[in-house]
Amino acid sequence: MTAEELMIEFALTRLDHPDLDLEDLAALVVRRGGPERELEFAARNLADRDELRAATFPTAVEYVLRVVLTLRGPSD
């Protein structure tokens, strides 16, 4: 999944759940993606952080948040 596809997935999830905060939305994106997507996101995050291991779910959620906040740019 590209960063742009991830951003679209996040935006669609946000439309479905407008009252959730960003971290909860990221967790929903990871859950909806299933175990394979969770592992993919966690692996990308660990590679970005130059780390070898961590719990997959929180690491995957962190990756989704990092991509969303990076692509979103500075807040006004």
Asker: Could you see if Leu20 belongs to whatever hydrophobic cluster contains Ile8? Use Ile, Leu, Val, Met, Phe, Trp, Tyr and a side-chain cutoff under 4.5 Å.
Answerer: no

Asker: Give a yes or no on whether Leu52 atom CG has more than 12 heavy-atom contacts from other residues, nucleotides or ligands under 6.0 Å away.
Answerer: no

Asker: Looking only at heavy atoms, which two atoms of Asn45 and Arg66 are closest? And how far apart?
Answerer: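 Between these two residues, the closest heavy atoms are OD1-NH2, 2.6 Å.
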
Asker: CD/Glu9 to CG/Leu25 distance, rounded to the nearest 0.5 angstrom?
Answerer: 11.0 Å

Asker: Should Val30 and Arg37 count as side-chain neighbours, where that means a heavy-atom distance under 4.5 Å?
Answerer: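 No. Closest side-chain heavy atoms not under 4.5 Å.
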
Asker: Would a distance-only check, ignoring hydrogens and angles, find a side-chain to backbone donor-acceptor pair under 3.5 Å from Glu40 to Ala60?
Answerer: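 A pair under 3.5 Å: no.
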
Asker: So, taking the atom named CG in Asp48 and the one named CD in Glu62, what distance separates them when rounded to the nearest 0.5 Å?
Answerer: 9.5 Å

Asker: To the nearest 0.5 Å, what is the distance between CG (Leu12) and CZ (Arg32)?
Answerer: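 The CG atom of Leu12 sits 8.5 Å away from the CZ atom of Arg32.
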
Asker: Taking all heavy atoms of Leu22 and all of Leu65, pick out the closest pair and write down the distance.
Answerer: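 It is O-CD2, 3.5 Å.
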
Asker: Please report the interatomic distance CE(Met7) to OG1(Thr70), rounded to the nearest 0.5 Å.
Answerer: 9.5 Å

Asker: State, to 0.1 Å, how close Thr56 and Ala42 come at their nearest heavy-atom pair, and which atoms those are.
Answerer: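 Taking every non-hydrogen atom into account, O-CB, 3.6 Å.
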
Asker: Roughly how far, to the nearest 0.5 Å, is CG of Leu46 from OH of Tyr63?
Answerer: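 Answer for the OH-CG pair, Tyr63 versus Leu46, is 12.0 Å.
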
Asker: Which atom names give the shortest non-hydrogen contact between Arg49 and Glu51, and what distance separates them?
Answerer: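 Closest heavy-atom pair between Arg49 and Glu51: NH2-OE1, 2.6 Å.
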
Asker: Apply side chain to side chain contact (heavy atoms under 4.5 Å, CB included) to residues Phe41 and Val64 and explain how you reach the verdict.
Answerer: CA-CA 7 Å; Phe41 292 160; Val64 172; 3.7 Å; yes

Asker: Return yes if some donor-acceptor pair links the side-chain N/O of Glu38 with the main-chain N/O of Phe57 below 3.5 Å, else return no.
Answerer: yes

Asker: Taking atom CZ of Arg14 as the centre, does the number of heavy atoms from other residues, nucleotides or ligands within less than 6.0 Å exceed 12?
Answerer: no

Asker: If you compare all heavy atoms of Leu71 against all heavy atoms of Ala3, which two are closest, and at what distance to 0.1 Å?
Answerer: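 Where Leu71 meets Ala3 most closely, the heavy atoms are CD1-O, 3.5 Å.
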
